[in-house]
Student: 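Structure incoming, see below.
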Amino acid sequence: MKPTRAVLSRYFPDEVVRKIEERFNIKTLYPTQVAAVEKGVLDGKNIVLSAPTASGKTLVAELAALKHLLNGGKVLYLAPLRALASEKFKEFKEFFGEFGYRSVLSTGDYDTADPSLGKYDVIVTTNEKADSLLRHSAPWFPDVTLVIADEVHLLGSEKRGATLEVLLTRILLSEDPPQILGLSATIGNLEEVARWLNATPVSVEWRPVLLREGVYYDGTIFYADGASRSVEDVGSALANLVHDVLREEGQALVFSPTRRAASSDAKKLSVYTRKFLRDSERRHLKEAARKVLSSHADKLTNELAELMLHGVAFHHAGLSGDARETVEQLFREGFLKTVVATPTLAAGVNLPARRVIITDYRRYNVELGYHESIPVMEYKQMAGRAGRPQYDREGEAILIARNMEEVEFLFKRYVYSAPETLQSQLGSEPVLRAQVLAVISTESRIKTTEDLDRFLERTFFALKFGTFSLSTLSRKVLRRLVEGGLVELNGEALKPTFLGRRVAELYIDPETALEGLRFFNSTPASSELAYLFLVSKTPDMVTLSVRRSDYEFLETELENRKNEIPYQVPEDEIEYEFFLSYLKTALLLSDWINEVPEDVIVEKYDVGPGDIYSMTQTAEWIAYSLSQIADVTGHKEHSSRLGVLSKRIAHGVKEELLELVSLRGIGRVRARRLYEHGYKSLVDLILADERDLTRIPGIGPNLARSIKRQLGAVGEKEEENEEDYGPVEEGQLNLDSYL
DNA sequence: TTCTCAGAGATCTAGACAGCATGTC
DNA sequence: CTAGATCTCTGAGAA
């Protein structure tokens with residue numbers, strides 16, 4: 001810890017330092033921040049900073065950014081998750097706003113028009129969004145003088161690592177490369193990653209709250225420091241650990257390996273958590289539960305609401321976004337005593353708790369078909385959530401062992417182990433295929449295979465494995481792209497086709513486009529289900545797994561609607577299962593756009609509202625992209641059908657409601673009600689009496705007024721959008737006020 | 001005849017980025 | 001170093 005002034009006065013004018021000290025009450029700097037400054041973040045040096053969660057990495061980023069802003073620079077901040085991006089955006093808006101600089105957020109689900117991004121000083125995006133913006137040749141990019149890559153260890157992620165790797169490679173190779181600040185969890189090969197980024201590695205282990213790691217077995221917590229603690233036996237191991245910390249007015253964050261385990265653990269714990277609730281807390285929780293249920297009335301949400309009344313909740317991706325946020329907030333405010341989560345919360349938003357409990361170190365891997373131990377890095381991420389900086393003197397991360405030998409094993413495997421080394425994920429063919437197409441399509445400097453090789457030489461993969469294997473693989477990948485008509489290769493000369501460029505811009509997997517083309521070329525304009533099946537079959541779509549109990553209904557549907565599906569039913573058993581899972585996915589989407597209620601879909605397909613949301617969102621994007629691909633390749637009929645379908649998926653409605661649903665505040669349910677009451681078009685609504693509208697259930701006076709206002713302002717709509725407020729919440733309608 | 005319950009066998013398993021044009025119940 | 005919690009089916013015995 002050092003006085004802020006002592007460290008910063010060299011770099012910032014007095015009034016800036018004063019503002020940091022006084023306005024933000026930062027009187028001293030953490031070791032993390034001191035170390036980063038000493039290694040040269042503020043001197044423009046590339047840095048990869050590895051430090052625990054909550055050890056002050058964000059302030060390092062803010063200081064570095066501020067330095068650039070004061071010099072007239074521009075900052076690009078990359079986050080791996082939308083939720084993280086929007087969390088940082090809020091922080092930055094406040095911090096940089098104080099100095100007169102403007103921040104924007106741009107992610108897939110929340111976007112401002114691209115050109116206007118250039119007006120801002122700090123641009124916050126997800127990695128993929130930044131990549132996409134670059135593919136659309138963001139005109140402001142050359143002005144960026146600092147790139148901050150948060151959670152760079154994502155580089156090692158099988159699914160998404162390559163995007164970040166290629167994005168960073170592009171940045172490294174850009175004409176006038178910006179400073180790079182990488183922020184990372186602890187990794188095994190920090191030096192290597194730093195070397196790749198021309199950066200100085202800075203590793204700090206300091207935390208603002210002491211972390212004690214331990215393993216529990218049979219009534220005792222064994223700590224890494226040799227101490228131990230007896231825990232009162234109230235039931236199971238998990239119950240004991242939770243009860244023990246609640247008794248001392250702490251909170252517990254429990255990690256369970258599956259959704260089912262999370263909700264069943266939460267249920268078992270409710271007996272204990274409820275005892276620690278005060279009346280006022282109980283009332284608050286009741287209100288919150290009511291609110292959660294007002295937007296989703298399905299099985300899963302009901303289960304959650306019921307548990308919330310007892311001071312516990314589960315948290316996983318099946319929950320709707322607002323339910324998840326509610327749980328996070330209630331836990332932060334102390335109303336919920338315990339949250340049981342799947343790994344969503346391990347890498348997502350920071351939700352610290354006095355005691356973190358990891359119930360199982362194994363996780364089932366569907367691809368491998370067996371349980372594997374979770375990586376050390378993931379354990380460290382979960383453990384790092386222990387201890388709330390303002391409230392707890394120390395935090396505890398406890399693994400549960402089932403016998404004495406396992407206690408020892410867990411210490412060795414997790415507590416005392418260093419995290420794994422990061423591996424480049426660029427070496428897999430499908431991954432490289434998409435990236436190579438993107439690079440060829442959008443990097444104007446890449447005109448020959450030699451240029452491509454030179455680019456690939458600069459990747460993290462090449463640093464580690466040399467160029468040879470990558471260039472061999474890239475030739476193979478190129479051949480495939482040429483065959484697919486996405487790239488033209490004349491001798492050494494390399495050029496994207498129009499289609500290829502479009503695929504890169506749409507951000508879809510080249511295989512998705514090729515799958516679409518095969519469909520368009522072999523099938524005349526088709527049924528709704530055919531298109532949905534196509535969307536589901538695409539590698540960009542997440543498909544539902546087929547359960548034993550699904551066979552019956554899937555096979556009947558298949559029998560009845562075989563003629564609607566322009567694909568052969570495969571003989572091969574494994575292929576057949578894939579086929580059924582595409583069918584199941586297509587059927588869910590079909591129910592969705594035919595206005596089957598959400599709670600019915602939840603029951604029928606055994607998914608949560610959050611799953612429906614993410615599936616429909618993905619399907620909408622793919623359907624739109626495929627309609628674009630059809631358009632570009634001259635399949636007009638396919639294109640227009642897919643275009644309509646995409647809109648229907650977005651809103652979950654039949655075609656006849658598309659017009660109504662364009663109104664703000666009107667979704668699938670209210671649109672249907674309006675329709676049933678005879679308001680079938682916007683014109684009907686223009687002619688309608690405002691008071692008559694309020695008689696329709698679900699439409700109150702505020703909403704009725706809003707509808708009329710929107711319709712009256714049709715001609716002035718442009719004006720409304722003209723003024724750019726950035727992604728600010730105030731711009732949103734508060735729908736609660738309609739109810 | 002119907003219900004209940006124990007035991008055996010079968011089943012199932014985390015997460016979440018992107019386009020484009022505007023906003024759920 | 002490791003699969004285990006939950007669902008479903010079946011059949012025996014009770015009501």
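Residue numbering restarts at 1 for every chain, and letters A, B, ... go by the order of the sequence lines.
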Student: Of all the nucleotides listed (dC20(B), dA3(C), dA16(B)), which has the minimum atom distance to the side chain of Arg402(A)?
Tutor: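 When the side chain of Arg402(A) is considered, dA3(C) is the closest of dC20(B), dA3(C), dA16(B).
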Student: Would you tell me if any nitrogen or oxygen in the side chain of Arg673(A) comes within less than 4.0 Å of OP1 or OP2 on dT24(B)?
Tutor: no
Student: Can you confirm whether the side chains of Asp322(A) and Ser295(A) place a donor and an acceptor under 3.5 Å from each other?
Tutor: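 Asp322(A) vs Ser295(A): donor-acceptor pair found between side chains.
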Student: Base, sugar-phosphate, or nothing for Arg363(A), non-hydrogen atoms under 4.0 angstrom?
Tutor: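 Counting heavy atoms under 4.0 Å across all strands, the contact made by Arg363(A) includes a base.
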Student: Glu598(A) near the nucleic acid: base, sugar-phosphate alone, or nothing, with a heavy-atom cut-off under 4.0 Å?
Tutor: nothing
Student: How would you list, by chain and number, every residue that makes a ring-ring contact (aromatic ring centres under 6.0 Å, His included) with Tyr217(A), sequence neighbours excluded?
Tutor: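 For Tyr217(A) there are no ring-ring contact (aromatic ring centres under 6.0 Å, His included) partners, ignoring immediate neighbours.
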Student: Taking atom types as modelled and ignoring hydrogens, do the side chains of Gln710(A) and Ser706(A) form a donor-acceptor contact shorter than 3.5 angstrom?
Tutor: yes
Student: Base, sugar-phosphate, or nothing: which does Val661(A) touch, judged by heavy atoms less than 4.0 Å apart?
Tutor: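 Sugar-phosphate, backbone atoms only, no base.
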Student: Classify the nucleic acid contact of His315(A) as base, sugar-phosphate or nothing, counting any heavy atom under 4.0 Å across all strands shown.
Tutor: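 Here His315(A) touches no strand at all.
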Student: Output yes when at least one side-chain N/O atom of His371(A) is less than 4.0 Å from OP1 or OP2 of dG4(C), else no.
Tutor: no
Student: Pairs under 3.5 angstrom, nitrogen or oxygen only, protein versus nucleotides 8-10 of chain C, please.
Tutor:
none

Student: With the side chain of Thr342(A) defined as its heavy atoms from C-beta on, choose the nearest nucleotide among dA18(B), dG15(B), dT13(B).
Tutor: dG15(B)
Student: Go through the N and O atoms of the side chain of Glu620(A) and the base of dG19(B), and report whether any donor-acceptor pair is under 3.5 Å.
Tutor: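 Checked by distance alone, the answer is yes.
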Student: Within the 4.0 Å heavy-atom criterion, would you say Ile666(A) contacts the bases, only the backbone, or no part of the nucleic acid?
Tutor: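 If one applies the 4.0 Å heavy-atom cut-off, Ile666(A) turns out to touch the sugar-phosphate alone, with no base involved.
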Student: It should be established whether Ser646(A) places a side-chain nitrogen or oxygen under 4.0 Å from OP1 or OP2 of nucleotide dC20(B).
Tutor: no
Student: Of the residues in residues 257-266 of chain A, which ones touch DNA chain C at a heavy-atom distance under 4.0 Å?
Tutor: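 Only Arg260(A), Ser264(A) qualify.
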Student: Mind checking the C1' distance from dA3(C) to dC17(B)? Whole angstroms is fine.
Tutor: 32 Å
Student: Tyr416(A) vs Phe411(A) aromatic rings, parallel, tilted or perpendicular, using cut-offs 30° and 60°?
Tutor: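 Parallel: the ring planes of Tyr416(A) and Phe411(A) meet at under 30°.
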Student: Using a heavy-atom cut-off of under 4.0 Å over every strand shown, decide if Val366(A) touches base, sugar-phosphate, or nothing.
Tutor: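 The answer is nothing, as Val366(A) stays clear of every strand by at least 4.0 Å.
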Student: Between Phe498(A) and Arg501(A), is there a cation-pi geometry (under 6.0 Å to ring centre, at most 45° from the normal)?
Tutor: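 Not satisfied by the 6.0 Å and 45° rule.
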Student: I need the residues from residues 601-619 of chain A with at least one non-hydrogen atom less than 4.0 Å from DNA chain B; give them sorted by number, or say none.
Tutor: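 Under 4.0 Å from DNA chain B: Gln617(A), Thr618(A).
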Student: Under 3.5 Å, is there a donor-acceptor pair between the Thr538(A) and Asp540(A) side chains?
Tutor: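 There is no such pair between these side chains.
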Student: Report yes if at least one side-chain N or O of Arg82(A) is closer than 4.0 Å to OP1 or OP2 of dC17(B); otherwise report no.
Tutor: yes
Student: Does a donor on one side chain sit under 3.5 Å from an acceptor on the other, for Asp591(A) and Tyr605(A)?
Tutor: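 Yes, Tyr605(A) and Asp591(A) have a side-chain donor paired with an acceptor closer than 3.5 Å.
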Student: Compare the minimum distances between each of dC1(C), dA3(C), dA16(B) and the side chain of Glu405(A), then state the nucleotide with the smallest one.
Tutor: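 In terms of side-chain proximity for Glu405(A), the closest of dC1(C), dA3(C), dA16(B) is dC1(C).
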Student: Name the stems that DNA chain C belongs to, where each is three or more consecutive Watson-Crick or G-U pairs with both distances under 3.5 Å?
Tutor: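 Correct response: B:1-13 with C:3-15.
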Student: By a strict heavy-atom criterion of less than 4.0 Å, which residues belonging to residues 297-305 of chain A are in contact with DNA chain B?
Tutor: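 Heavy-atom cutoff 4.0 Å gives no residues at all.
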Student: Between dG19(B) and dC1(C), how far is it from one C1' atom to the other, in whole Å?
Tutor: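 47 Å, rounded to whole Å.
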Student: What nucleotide among dG23(B), dC12(B), dT24(B) has an atom nearest to a side-chain atom of Arg547(A)?
Tutor: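 Nearest nucleotide to the side chain: dC12(B).
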Student: Both distances under 3.5 Å, Watson-Crick or G-U wobble: report the partner of dT22(B), or none.
Tutor: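 Its partner is none (no Watson-Crick or G-U wobble pair with both distances under 3.5 Å).
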Student: If only side-chain N and O atoms of Lys129(A) are considered, is one of them under 4.0 Å from the OP1 or OP2 phosphate oxygen of dG19(B)?
Tutor: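 It does, given that an N or O in the side chain of Lys129(A) lies less than 4.0 Å from OP1 or OP2 of dG19(B).
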Student: Just to be sure I understand the rule, does His296(A) reach a base, reach only the sugar-phosphate, or reach nothing, if contact means heavy atoms closer than 4.0 Å?
Tutor: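 Nothing, no nucleic acid heavy atom in range.
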Student: In terms of side-chain heavy atoms of Thr107(A), which of dT24(B), dA18(B), dA16(B) is nearest?
Tutor: dA18(B)
Student: Base, sugar-phosphate or nothing for Ile508(A)? Non-hydrogen atoms, less than 4.0 Å.
Tutor: nothing
Student: We want to know whether Ser256(A) and Asp265(A) form a side-chain donor-acceptor pair, criterion being a heavy-atom distance below 3.5 angstrom.
Tutor: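 A pair is found: one side chain offers a donor N or O, the other an acceptor, under 3.5 Å apart.
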Student: Tell me which nucleotide among dA18(B), dA3(C), dT13(B) gets nearest to the side chain of Trp621(A).
Tutor: dA18(B)
Student: Mind checking who dC17(B) pairs with, Watson-Crick or G-U wobble, both distances under 3.5 Å?
Tutor: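 Answer to the pairing question: none, since dC17(B) forms no Watson-Crick or G-U pair.
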